[in-house]
Structure formats: structure tokens, C-alpha cells
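One structure is given below, encoded as C-alpha cells.
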Amino acid sequence: MQLAVLSGFVLAAFAPLLQRWCAARTSLVLALYPAALALWLLTQLPAVMGGEVLVFSLEWVPSLGMSLTFVLDGLSMLFALLITVIGTFVLIYAGGYLKGHPDLVRFHVVIVAFMVSMLGLVLADGLMTLFVFWELTSITSYLLIGFNHTDLEARKSARQGLFVTVGGGLALMAGLVMLAIAGDSWSLQELLSSGDVLRDHALYLPMLLCLLGGAFTKSAQFPFHFWLPNAMAAPTPVSAYLHSATMVKAGIYLLARLHPGLGGTEAWIGILSVVGALTMFTGAFLALRHTNIKKLLAYSTIMALGTLTMLLGIGTEGALIAFVTFLLAHSLYKGALFMIAGILDHETGTKDVTAMGGLRRLMPVTALVACIAALSLAGVPPLFGFIGKELMFESVLEAGSFRAIIFLLSFSAAIFTIAVAAIVVLRPFFGERRETPKAAHEAPSAMLAGPVGLAILSLLFGLVPVLAGTGLLTAAASAVAGESLSVSLSLWHGINLPLIMSLISLALGYLLFRHWDRVRGNLSRLDPLFAHGPEAGYENLMDGIVRISEWQTRVLQNGYMRNYIMVMVVVLIALVGNSLLLRHAPAFAISFDVQFHEAVVTGLMVAGALFACISRSRLGAVASVGIMGFCIALTFILFSAPDLGITQLLVETLTVILLILVLFRLPRFASLSTPLERVRDLVVAGSMGVLIMLLILTVVASNQFVPVSGYMIENSVPLAHGRNIVNVILVDYRALDTLGEIFVLALAAIGVIAMLKLRAPKPEAKGAGKGQGAKESADG
Amino acid sequence: MVKSGTIILNTAARLLMPLQLLFSVFLLLRGHDEPGGGFIAGLVAAGAFILYLFAFGVTATKEVLRMVDPRDLIGMGLLLGTLSILPAWFVGEPFFTAQWWEIPGIDFKASTPLIFDIGVYLAVLGTLLAVIMTLMEVDKDEP
């Protein structure tokens with residue numbers, strides 16, 4: 001199971017090769033992959049419908065308790081089927097839509113990778129596995145929105161989508177970690193079966209808010225809805241697949257998945273139902289402002305996502321049944337409508353519904369399919385969308401809290417949606433024939449297969465709800481509820497309030513459609529208001545981030561070595577000083593049991609250091625620093641550490657050589673600092689020296705731990721076969737550190753080579769040396 | 001600039017370089033038991049080349065190094081260091097566990113720490129030579 005799903009990544013990698021072998025039929029060949037998965041899922045369907053939860057576990061690193069576990073229950077089965085079935089149609093469709101596109105290969109690679117990520121997301125049992133797949137869908141979505149990468153708008157939209165969803169992803173990760181802490185497990189199965197543990201935990205509210213942050217951004221809930229219409233810059237197959245049927249439902253999936261463990265509390269009901277209803281209304285209302293068919297559909301998708309969130313918030317048995325039904329219905333009709341929008345764009349050369357008209361004679365099949373899908377969107381019997389809408393009204397009426405607000409918002413959203421459905425179909429296909437940029441004719445069969453297949457399912461499930469109803473939806477709704485429910489769907493419920501609401505909304509919606517042009521005109525007066533919407537907030541945030549990073553780069557990365565060193569030293573003083581002086585009282589004993597030669601060496605060191613500071617010539621300073629170095633080497637030798645002594649001597653020698661080589665290329669020795677700055681430097685350097693002295697004295701005086709050197713000395717010969725402990729430490733005890741050090745050394749060499757050999761030629765900066773030398777000489 | 005040197009420096013460099021290199025290998029091999037080791041030996045070897053460099057210049061030193069680019073030495077060193085941690089894995093012990101092999105006939109024990117030390121030696125030598133030769137080459141470019 002896991003391997004079957006993950007093998008899709010391999011397939012994605014081989015898609016370019018496939019393109020070479022199969023040429024124009026690549027899309028069809030690739031479509032075999034989701035089709036095969038869908039068939040396999042169908043064979044598992046009876047077991048899942050029987051209420052079984054299939055667990056596929058693959059041990060990965062058993063010693064660390066890491067495994068890759070996939071779980072197939074009603075909810076993940078419903079999602080997995082949607083992903084694979086619609087994925088099959090979309091791939092076939094894309095073969096026609098992007099026929100001959102130079103970047104078709106790239107499209108194939110990314111969309112198959114997305115498909116696998118999405119499947120992994122809905123099947124994953126481990127929280128981290130889920131998170132990884134979640135982020136993968138964000139990244140692939142980014143690549144697909146920006147598919148036309150030469151288009152500035154597309155790139156901007158892609159970035160916006162990425163920032164919003166990945167920003168939410170960060171919140172999600174925090175939420176998942178809290179979830180794991182609260183439930184003491186990383187497995188969703190275990191977490192959700194733990195009863196009220198999560199709901200009663202002290203972290204419940206922060207955890208919920210973080211998880212909602214992730215889910216709401218991904219699923220374009222108000223006020224994060226603005227990225228979704230912009231994502232329509234993607235090619236239409238992508239919009240049909242990612243931005244209506246699957247990816248944007250990932251957030252909804254997560255909420256549904258967590259409902260048994262987290263749902264039902266006051267916070268959950270309040271936030272989800274109100275945000276959902278608000279999103280619903282916003283989406284449906286804003287749709288009316290647009291004439292671009294893809295934007296119209298995108299806003300109606302926002303409406304649908306809001307509906308789903310709201311239903312999860314209401315959380316009654318009826319609402320959950322309505323949730324799964326609406327979810328299925330929406331994926332079927334919205335997928336079909338997007339593909340039809342693509343056909344219209346492809347055949348007529350425009351996306352503006354007001355520029356099209358009377359196309360039904362030219363494209364009869366498309367028109368018929370569009371009608372079926374739009375009727376389902378509008379919720380007209382006998383289509384599956386009608387059942388979904390009836391159930392939605394029913395649940396709104398039985399909502400426990402905020403009933404009035406939810407009712408008002410969802411009822412008006414329903415009216416707007418009906419108008420949108422009418423606009424999407426009646427405008428292009430009926431009425432007077434209008435000239436379009438391209439001469440329209442019926443779409444190729446590859447592009448029709450998808451919408452026809454989905455429309456037939458919409459019709460079939462509506463007429464014979466048993467087909468969709470009893471089995472899969474029961475299992476899915478039960479998974480969401482966390483207890484077994486029974487779903488029985490039917491078209492006719494008798495004359496009741498939901499039916500009357502449906503009829504009223506149909507009539508009002510049609511009325512709105514008739515006067516759409518005037519309404520749109522009136523709405524455009526509100527444009528200045530929309531300019532201050534959440535999207536403007538996003539733009540300001542982004543600009544602010546750029547400004548702050550510019551400022552902090554200017555301050556921190558100013559190119560002066562002296563400033564870098566100063567910042568580092570000051571930070572070190574603050575941190576070490578805090579921990580040494582404030583948190584631990586420095587305890588040490590000073591004894592002046594010094595031998596004469598030791599005093600001489602120390603005196604030389606101090607003199608060298610002082611002279612280096614006051615020397616008026618650079619060579620003098622280098623020499624006196626050298627004296628210090630050699631005195632340190634002497635100290636090592638005096639205290640019987642010959643290895644260190646030798647190393648210090650060699651390093652000192654080489655340092656002097658390096659300094660001489662660099663010396664010639666430095667600018668003239670000049671005094672750049674004011675007396676005040678020199679006093680400041682004195683204070684900083686002095687504090688550092690005093691602090692390090694205190695630190696060393698304290699370390700020598702305190703004996704909190706058994707020194708590790710004892711073990712090393714004892715085992716050096718028997719275990720490491722070496723008598724030179726310093727070397728044994730370097731190459732055996734601490735070989736990992738040494739390995740890291742030689743890598744650092746190599747990096748430093750690469751850095752020097754790169755800076756000296758690859759820098760841009762600067763005519764006026766003659767003899768400029770290493771980084772700061774170049775900068776300083778350029779500055780003065 | 002660094003001028004190619006005097007007769008004394010030239011003669012000394014010519015004589016001292018092989019000695020210093022030999023000494024560095026000696027330091028490297030005895031490092032496990034006596035003062036020495038890869039790091040010190042690498043510094044000594046680099047010193048040998050640098051002396052030669054000062055006496056005869058970059059071009060002549062490159063000829064002495066023949067085909068070996070100091071940058072390749074760095075790579076070789078890192079590679080050896082990394083490879084030396086693997087044998088432990090093949091005998092089922094954690095990475096980095098030292099492996100010792102007796103070589104029959106001579107009184108010498110080959111081991112992964114020794115290979116590791118040679119890696120350190122090459123990396124240190126390569127780094128220093130690369131840095132100093134680059135610095136001197138740039139000198140030549142910009143008189």
C-alpha cells in the first residue's frame with residue numbers, strides 16, 4: 001500500500017523519460033497510475049463499508065520507533081477515491097488542454113507528485129508524516145500556480161498561495177506537536193481513541209487555534225480566502241484538481257479527522273460554525289463581482305469550503321452526514337465545472353462570461369454537461385447537489401448556537417450561489433450568439449471525458465442515492481463522528497422547511513441572475529472598500545517584512561569586520577556574564593604560588609598584548625601578537641603539553657606568514673576611530689578578558705563533574721592502542737569533532753579562494769585583500 | 001611583494017623541503033604514541049612547501065607539486081576521513097568505532113584512526129597550500 005502510493009514519486013521522476021517514449025499519449029499513460037490505485041481502493045471498499053479500519057504499517061527505523069503507517073477508514077477512503085478518480089480524469093483532460101505545450105513535461109512531474117502527496121496526506125497515521133505530506137502539497141501547489149513562470153501575475157499569485165499556506169503550516173506544526181504532547185502519542189489512531197483526554201487538556205485552546213490556523217489557511221477560510229481566487233493563474237486542470245477538488249480540502253480533511261478527538265467543545269462549535277458561515281457568505285457574495293469564469297468558480301469554491309467548515313462546526317449527526325454528502329457532491333460538480341471553464345477558455349479564447357453567448361449550438365455536449373453540473377451546484381433536483389443542500393439547510397436549522405447568524409449567512413449564500421450557477425451556464429451557452437476571439441467548436445474527446453464522467457456521477461448519485469449513500473458515506477460520516485452513524489439519503493423528504501427554503505432561494509437566485517449586470521455595476525462602487533480587505537493586509541505584511549529585513553541587514557551585515565567582532569564579543573559577554581555572575585556565584589581561590597620563569601612568560605604576554613594595542617605600525621602589531629603566541633606555546637610546553645606546544649608554534653609561524661602576505665594588500669595604516677570609540681573598545685575588550693579569566697578560575701575551582709580525562713587516560717592504551725592521548729582524542733575518542741573541523745577548514749579554504757579569485761573587478765580598489773579589506777579600502 | 005629569494009634561501013629551501021616532508025610523515029606515523037599526529041604533520045608539510053614557495057615562487061612550486069592541485073588534496077583528505085568511519089559499519093559496529101588490523105611480518109598496526117589521521121594531514125596541508133598559493137597568485141596578477 002505505502003509502496004504503491006510512494007511509487008508515484010518514482011513515476012513523477014520518470015515522467016520526462018515517458019514523454020520521450022509515448023509522446024502525445026503520456027498523459028493517458030500517466031492516468032493509468034491513479035486509475036489503478038482507484039481500482040485497488042474499490043476492491044477494499046466492501047471491507048471499509050463494513051466499518052473496518054484497515055491499517056497498513058511499514059516499519060522504517062524500528063529501533064527509533066519510526067514507522068510509515070497508512071490508515072484506510074471511511075473518511076480517508078472517500079478522500080482517496082476522490083483524489084484518484086478525479087486525478088485520472090484531470091490527467092486525461094490535461095493531455096488535451098496542454099497539448100503541445102513546451103512545459104507539459106514539467107506539468108506531469110509536478111501534478112503526479114502532488115497526487116502522491118495528497119494521497120499520503122489523507123492516508124497518513126503519524127502526525128509528522130501527515131505534516132510532511134501537507135507541506136509537499138503546498139510546494140507542488142506553488143509550482144503549479146506558477147506554471148506560466150514568465151507571467152509576473154502568476155509568479156506573484158504562486159508566492160502568495162505559498163506564503164499563506166506555509167505560514168499556516170507553521171501554526172499547524174505547533175498544533176500537531178501540542179497534540180502529541182497532550183495525547184502522548186504521534187499516531188492519529190491512538191490520539192482519536194483517547195476519549196476526552198485532548199478536550200480536557202490544559203493545552204486544548206492553544207492547540208485548537210494552531211491547528212485551525214493551519215486548516216483555515218489551507219482551505220481558504222475567511223480572512224485567508226484571498227489566495228484562492230489568485231491561484232486561478234494556474235492552468236485549468238490544476239484549478240479543477242488542486243484548487244477545488246482536493247488540495248483546498250486538505251484543511252477540511254484535517255478538521256474532519258480531528259473532530260472525534262477535538263470537536264464538540266464550545267470553542268470548536270463557535271469558531272468553526274461562525275467562520276464557516278462567514279466564509280460561505282463572503283465567497284458567494286464576492287463571486288458576483290467577477291465576470292471571469294474561473295474567478296466565479298473559485299469564489300463559489302470558497303463558499304463550499306465555508307459550508308463544509310460550518311457543518312463540521314455544527315457537528316450534529318445530521319450535520320456530519322450533510323458534511324460528507326456535500327463534500328462528495330461539491331467535488332463532482334466543481335471538478336466538472338472547472339474543466340468546462342477550461343474548455344470554454346480553450347475553444348473561445350476568453351474567460352469572460354459576458355463576452356460569450358449562444359455556444360450551445362456549437363458545443364452541444366459541453367453545454368449539456370455544464371447544465372447538469374451547474375444544476376447540481378445550484379442544488380436543483382434530481383441532482384446530487386440537491387441532496388447535499390437539503391441536508392445542509394436541515395443542519396443549519398438544528399444548529400445549537402449562533403443559529404440566527406448562521407441561518408442568515410447560509411441562506412443568502414445559497415441565493416448568491418444559485419445566481420453564480422446560472423451565470424456560469426446561461427451566459428456562455430444560451431442567449432444570443434456572440435463573436436469570441438477564437439472560432440469555437442466542440443472540445444476534443446480527451447477534454448470531454450472528465451466533465452462527462454463527473455456529471456454522470458452527479459446525476460447517478462442524485463437519482464439513486466443508494467449508490468453513494470449507504471456504504472461509503474456512512475463509513476465516512478462515522479469516521480468523522482467517531483461513532484457509527486447510519487446514512488440514508490433520498491431525493492424526496494416531503495414538504496418541509498428545507499424544501500421551502502430551497503424553492504425560495506431558487507426563485508431569488510434566478511431574480512438576482514436576471515439583474516446581475518445592474519447588481520455588478522452597483523457593487524463596483526464598493527471597490528474602494530474591498531481595496532482594504534484582508535489581501536491588502538497581506539500585502540502590507542509582506543512589504544513590512546521586506547522593510548524590516550532590509551533594515552536589519554543594513555545594521556547587522558554592514559561589512560565591517562570590527563563591527564562583527566564587537567557584536568560577537570558583546571553578545572558573548574552578555575550571555576556568559578549572565579550565566580556566570582548572576583546564575584552561579586563565581587567561586588574561586590587565587591593563589592600566588594608562581595615560579596620565576598612562569599612570571600617572566602606571563603609578563604612577556606601582557607607586554608606583547610599591550611604593545612599590539614598601542615603600536616603605531618602594523619608590522620609592529622603583528623610582531624607583538626606573535627610574541628604573545630609564542631609565549632602561549634611556551635606555557636603549553638612548561639605545563640607538559642608538547643603536542644599543543646608544537647601545534648601552537650607551527651600555527652603561530654604560519655599565521656605570521658599569512659599576515660605578511662595579507663599585509664601588503666591592506667590599506668594604509670590609519671587611525672579611523674575617535675578617542676571615545678577607543679574607550680568603548682577598551683571597555684568591551686577589557687570586560688571580555690576579565691570575564692574569561694573569571695570563567696577559567698571558576699572552572700578550575702569547581703568540581704561538579706568527574707573529569708572525562710580520567711577515563712581517556714585509562715583506556716588510551718588498552719582500547720585505542722595509543723600512548724599519545726591528545727592524538728587518541730583527536731582521531732578516536734572525538735573523531736566526529738575532528739571530522740567536522742577538517743570540513744570547516746576546507747570550507748574556509750574554499751571561502752578564501754572564492755573571495756580572492758571570483759570577486760568582481762573593481763578598478764579603483766587596488767590591492768584590496770580579504771573581505772573587510774576590500775570593503776574598507778573601497779570606503780576610504 | 002614576495003621576491004624570489006637569495007642564494008642562501010634558495011639553497012636552504014631546496015635542501016630543507018625533502019627533509020621537512022620526511023619529518024612530517026614521521027610525525028604523522030608516530031603521532032598515535034608520541035607527540036605528533038595528522039594536524040601537526042600537515043602544518044609541518046605545509047611549512048616545507050611554503051618555504052619553497054617563498055624561495056622560488058608559485059610557478060616553480062606548482063611544478064614541484066606536479067599534477068596535484070592543493071584543492072584536490074583537501075578533497076582527498078575529506079574523502080579519506082569520511083571513508084575511515086565506514087569499516088566499523090561493515091563489521092556491525094557503530095560508525096567511527098576504530099578498527100585495527102595486524103600486518104604480518106612488520107611490527108606495524110594499520111587502523112582506521114591512522115587512515116583518518118592521514119585524511120586530517122591531507123586536508124590541513126591542502127587548505128594551507130590553497131590559501132597561501134591563491135594569495136600569492138593574486139599578488140602576481142595585481143602588481
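All chains are named by letter (A, B, ...) in the order of the sequence lines, taking the proteins before the strands, and each is independently numbered beginning at 1.
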Checklist entry - Can you tell me how far the OG1 atom of B:Thr82 sits from the CG atom of A:Leu739, to the nearest 0.5 Å? => result 5.0 Å

Checklist outcome for this item: Taking every heavy atom of A:Gly722 against every heavy atom of B:Asp33, the minimum-distance pair comes out as CA-OD1, 3.3 Å

Item to check | Closest approach of B:Glu34 to A:Asn724 (non-hydrogen atoms, all atoms of both residues) | outcome: O-ND2, 2.9 Å

Item to check | Side-chain touch B:Phe96/A:Asp732, heavy atoms, less than 4.5 angstrom | outcome: no

Checklist entry - Just wondering, are more than 12 heavy atoms of other shown residues or ligands nearer than 6.0 Å to OH in A:Tyr564? => result yes

Item to check | Enclosure of B:Leu19 CG (heavy-atom neighbours >12, cutoff 6.0 Å) | outcome: yes

Item to check | Closest contact, heavy atoms only, B:Phe116 versus A:Leu730 | outcome: CE2-O, 3.9 Å

Checklist outcome for this item: Which of B:Leu53, B:Ile50, B:Leu51 passes side-chain contact (heavy atoms from CB on, under 4.5 Å) with A:Ile657? Answer is B:Ile50

Next on the checklist: Out of A:Thr738, A:Val728, A:Leu736, return the one with the most heavy atom pairs under 4.5 angstrom to chain B.
Outcome noted: A:Leu736

Next on the checklist: Can you tell me how far apart OG1 (B:Thr134) and CG (A:Leu756) are? Round to the nearest 0.5 Å.
Outcome noted: 6.5 Å

Checklist entry - Picking from B:Ala46, B:Ala98, B:Gly36, which has the most non-hydrogen pairs under 4.5 angstrom with chain A? => result B:Gly36

Next on the checklist: I'd like to know which of B:Gly37, B:Ala130, B:Gly31 tops the heavy-atom pair count under 4.5 Å against chain A.
Outcome noted: B:Gly31

Item to check | A:Met605, CE atom: more than 12 neighbouring heavy atoms under 6.0 Å | outcome: yes

Checklist entry - Which residue out of A:Ala641, A:Ala746, A:Pro642, A:Ala735 racks up the most heavy-atom pairs below 4.5 Å with chain B? => result A:Ala735

Item to check | B:Trp89, CH2: over 12 other non-hydrogen atoms inside 6.0 angstrom | outcome: no

Checklist entry - Which distance, rounded to the nearest 0.5 Å, do you find between the CG of B:Leu43 and the OG1 of A:Thr653? => result 9.0 Å

Checklist entry - Taking the side chain as C-beta and beyond, is there a heavy-atom pair between B:Phe39 and A:Val726 under 4.5 Å? => result no

Checklist entry - Looking at residues at least two apart in the chain, or sitting in another chain, which of them share a ring-ring contact (aromatic ring centres under 6.0 Å, His included) with A:Tyr733? => result none

Item to check | Minimum-distance pair of heavy atoms, taken over all atoms of B:Ile40 and A:Asp643 | outcome: CD1-O, 3.6 Å

Checklist entry - Under a 4.5 Å heavy-atom cut-off, does chain A meet the side chain of B:Leu27, its backbone, both or neither? => result neither

Item to check | chain A contact via B:Arg71 - which portion, at a heavy-atom distance below 4.5 Å | outcome: side chain

Checklist entry - Hey, what do you get for CD1 (A:Ile742) to CD1 (B:Ile74), rounding to the nearest 0.5 Å? => result 10.5 Å

Checklist entry - Do we see a donor-acceptor contact under 3.5 Å between the side chains of B:His32 and A:Asn727? => result yes

Next on the checklist: On a heavy-atom basis, which atom in B:Pro113 and which in A:Val731 lie closest, and how many Å separate them?
Outcome noted: CB-CG2, 3.8 Å

